[in-house]
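Only one structure is covered here, and it is reproduced in the block below.
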Amino acid sequence: IAVPDLDLWLARSLYAALSRNAQTVCQSATLSQLSVSATGDALSYQWYSSASSSNVGGSLISGATSAIYTPSSATASTKYYYCVVTGACGTATSNASGAIVVNAIPSTPSISAGSTTSLCPGEEVTLTSSATSGNQWYKNGTALSVSTATTLTTSESGAYTVISTVNGCASSASSPTAVDMNTVTAITQQPSASTQSGMSGSNLVVNATGTNLQFQWQVSTNSGSTWTNTTNTGVYTGSTSSTLSLSSGINSSYNGYQYRCVVSGTCSPSITSGVGILTINAAPATPGTISGYASICANTNQSYSITPV
């Protein structure tokens, strides 16, 4: 009698055969079931695993006692499986399965930056993955074309992540590293000359664009020869804001004072605004006393005079 390939016979009444199909998966993925074909009476099954393609000397798998067995993928390994079938007429051992390869999932990489990630125009930063191979870089969740090296140099704003893939198994994405391209400081509205009548208050305004803007108003009392930072004391409020307010306490001694604002931000250099000049016109004096008749008759004329001041 011819014996079929991969079949084992015992007492011409019991045999067991197992597919040699190999499988390769990533750790924790689902493996396909293995099944053994056997004939005989009162059959029982016991599965074994082996580090080599052999059906002897393997390790007994506790609880694996049916004709079907699904290998575990919890641990990275390469194993072979076979089944020992016992029946009324003895025992038969199947052939070893094909290689069941479980590849490890790479550790989640981390990103380190070679310099600050808060950039100004013309600057760039190099990001480095802790994974030595299999890197794929992403910006805002989108894969960057041809960005598979350990390092990535960029000058663009975005949230950067990296995934490492080894033997077809991908790690989790790294924590994102934010790269910010800041705006250069620029003044969009210059302070204008301010003319006040009497002792009323005054405001000087500067508008600017940029990142993390800071303002410092300055005053010159000698036609611009020297400048001094204003502080929020006396007649001044808003010395470090975009609007400098002068209270109604200003008097004619402030006439001709010059004001400017130094605007700085994350990106150098700071910008100094143009000059606003404060002009204070003297208020008219209070008129004197009006003299003349308090009452007149109809259709008559009356003269009145006012005492000069």
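Values below: all heavy atoms of this structure, side chains included; hydrogens, waters and symmetry mates excluded.
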In terms of heavy-atom contacts, Lys79 and Ser49 come closest through CD-CB, 4.3 Å
Output for pair (Thr154 OG1, Glu123 CD), nearest 0.5 Å, gives 12.5 Å
**Request:** Please check if Tyr81 and Leu43 belong to a single hydrophobic cluster, counting links between Ile, Leu, Val, Met, Phe, Trp and Tyr side chain heavy atoms closer than 4.5 Å.
**Result:** yes
Closest non-hydrogen atoms of Ala96 and Leu18, given as atom of the first, atom of the second and distance, are C-CD2, 4.4 Å
Interatomic distance, OG@Ser202 vs OH@Tyr259, rounded to 0.5 Å, equals 8.0 Å
For Tyr82 and Ser50 the tightest heavy-atom approach is CE2-CB, 4.4 Å
Discussion item. I'd like to check Trp227 versus Val219 (side-chain heavy atoms, cut-off strictly below 4.5 Å). Are they in contact?
Written reply: no
Next on the checklist: Between Asn251 and Ser253, do the side chains contain a donor N or O and an acceptor N or O under 3.5 Å apart?
Outcome noted: yes
For Ser220 and Ser225, the nearest pair of non-hydrogen atoms, with its separation, is OG-N, 3.8 Å
Please determine whether side chain to side chain contact (heavy atoms under 4.5 Å, CB included) holds for the pair Thr128 and Ile111, giving the CA-CA distance in whole Å, both sets of side-chain angles, and the decisive distance to 0.1 Å. CA-CA 5 Å; Thr128 301; Ile111 297 174; over 6 Å; no
- So, Ser245 and Asn203: side-chain donor and acceptor under 3.5 Å apart, yes or no? yes
Discussion item. Does any part of the side chain of Ile277, heavy atoms only, come nearer than 4.5 Å to the side chain of Val275, both counted from C-beta?
Written reply: yes
Begin from the C-alpha positions of Val84 and Asn55 and carry the test side chain to side chain contact (heavy atoms under 4.5 Å, CB included) through to its verdict. CA-CA 9 Å; Val84 175; Asn55 65 350; over 6 Å; no
Where the side chain of Ser164 meets the backbone of Ser171, is there a donor-acceptor pair that is under 3.5 Å apart?
no
So ring pair (Phe, Tyr, Trp, His ring centres under 6.0 Å) across residues 134-167, not counting sequence neighbours, yields none
Within-4.5 Å side-chain heavy-atom neighbours: Leu244 and Thr230: yes
Quiz prompt | Check: Ile280 main-chain N/O paired with Asn255 side-chain donor or acceptor under 3.5 Å | solution = yes
### Message
Quick one, Thr243 and Leu204 - any side-chain contact, counting heavy atoms below 4.5 Å?
### Response
no
Apart from Tyr80 itself, members of its ILVMFWY cluster (side-chain separation under 4.5 Å) are none
Residues Ile100, Leu31; criterion side chain to side chain contact (heavy atoms under 4.5 Å, CB included); working and verdict = CA-CA 9 Å; Ile100 307 299; Leu31 284 161; 3.7 Å; yes
Short side-chain to backbone donor-acceptor contact, Ser94 and Cys83, under 3.5 Å:
yes
Under 3.5 Å, side-chain donor or acceptor atoms of residues 178-190 against the rest of the protein: list the pairs with distances, not counting sequence neighbours.
| residue | atom | partner | partner atom | Å |
| --- | --- | --- | --- | --- |
| Asn182 | ND2 | Ser118 | OG | 2.8 |
| Asn182 | ND2 | Leu119 | O | 2.9 |
| Thr188 | OG1 | Asn207 | O | 3.2 |
| Gln189 | OE1 | Asn207 | ND2 | 2.5 |
| Gln190 | OE1 | Gly274 | N | 2.5 |

- Query: Does the side chain of Asn229 come within less than 4.5 Å of Val262's, by heavy atoms?
  - Reply: no
Notebook entry, point to check: Donor-acceptor pair, Gln136 side chain versus Ala149 backbone, under 3.5 Å?
Noted result: no
Minimal heavy-atom distance between Ser115 and Glu124, with the atoms involved, is OG-O, 4.0 Å
- Are Ile163 and Leu127 joined in one hydrophobic group, where the rule is that I, L, V, M, F, W and Y side chains link up if heavy atoms are under 4.5 Å apart? no
Indicate every side-chain donor-acceptor pair of residues 61-71 with a distance under 3.5 Å to a residue at least two apart or in another chain.
| residue | atom | partner | partner atom | Å |
| --- | --- | --- | --- | --- |
| Ser66 | OG | Ile68 | N | 3.3 |
| Ser66 | OG | Ile68 | O | 2.8 |

Side chain to side chain donor-acceptor pair (under 3.5 Å) filter on Ser264, not counting sequence neighbours, yields none
Trp217 six-ring face occupied by Arg260 cation (under 6.0 Å, within 45°)
no
From the list Asn232, Thr233, Thr231, side-chain hydrogen bond (donor to acceptor under 3.5 Å, both in side chains) partner of Ser239 resolves to Asn232
**Under 3.5 Å side-chain donor-acceptor pair for Ser129 and Asn135** = yes
Cluster membership besides Val166, Ile/Leu/Val/Met/Phe/Trp/Tyr side chains within less than 4.5 angstrom, sorted by chain and number, is none
Kindly indicate whether the side chain of Pro191, heavy atoms from C-beta on, has any atom under 4.5 Å from the side chain of Cys261.
-> no
Any side-chain heavy atom of Leu213 within less than 4.5 Å of one from Val263? yes
| said: Does either side chain, that of Thr75 or that of Ser77, offer a donor lying less than 3.5 Å from an acceptor on the other one? | reply: no
**OP:** Side-chain contact test, heavy atoms from C-beta onward, threshold under 4.5 Å: evaluate it for Asn103 versus Val25 and give yes or no.
**Re:** no
| query | Would Thr161 and Ser174 satisfy side-chain hydrogen bond (donor to acceptor under 3.5 Å, both in side chains), going step by step from the backbone distance to the final call? | reply | CA-CA 5 Å; Thr161 54; Ser174 67; 5.1 Å; no
When rounded to the nearest 0.5 Å, the distance separating CD of Gln46 from OG1 of Thr86 is 9.0 Å
Is there a side chain to side chain contact (heavy atoms under 4.5 Å, CB included) between Tyr45 and Val36? Walk through the geometry before answering. CA-CA 9 Å; Tyr45 304 86; Val36 62; 3.7 Å; yes
Heavy atoms of Val102 and Ser72 approach each other most closely as CG2-O, 4.2 Å
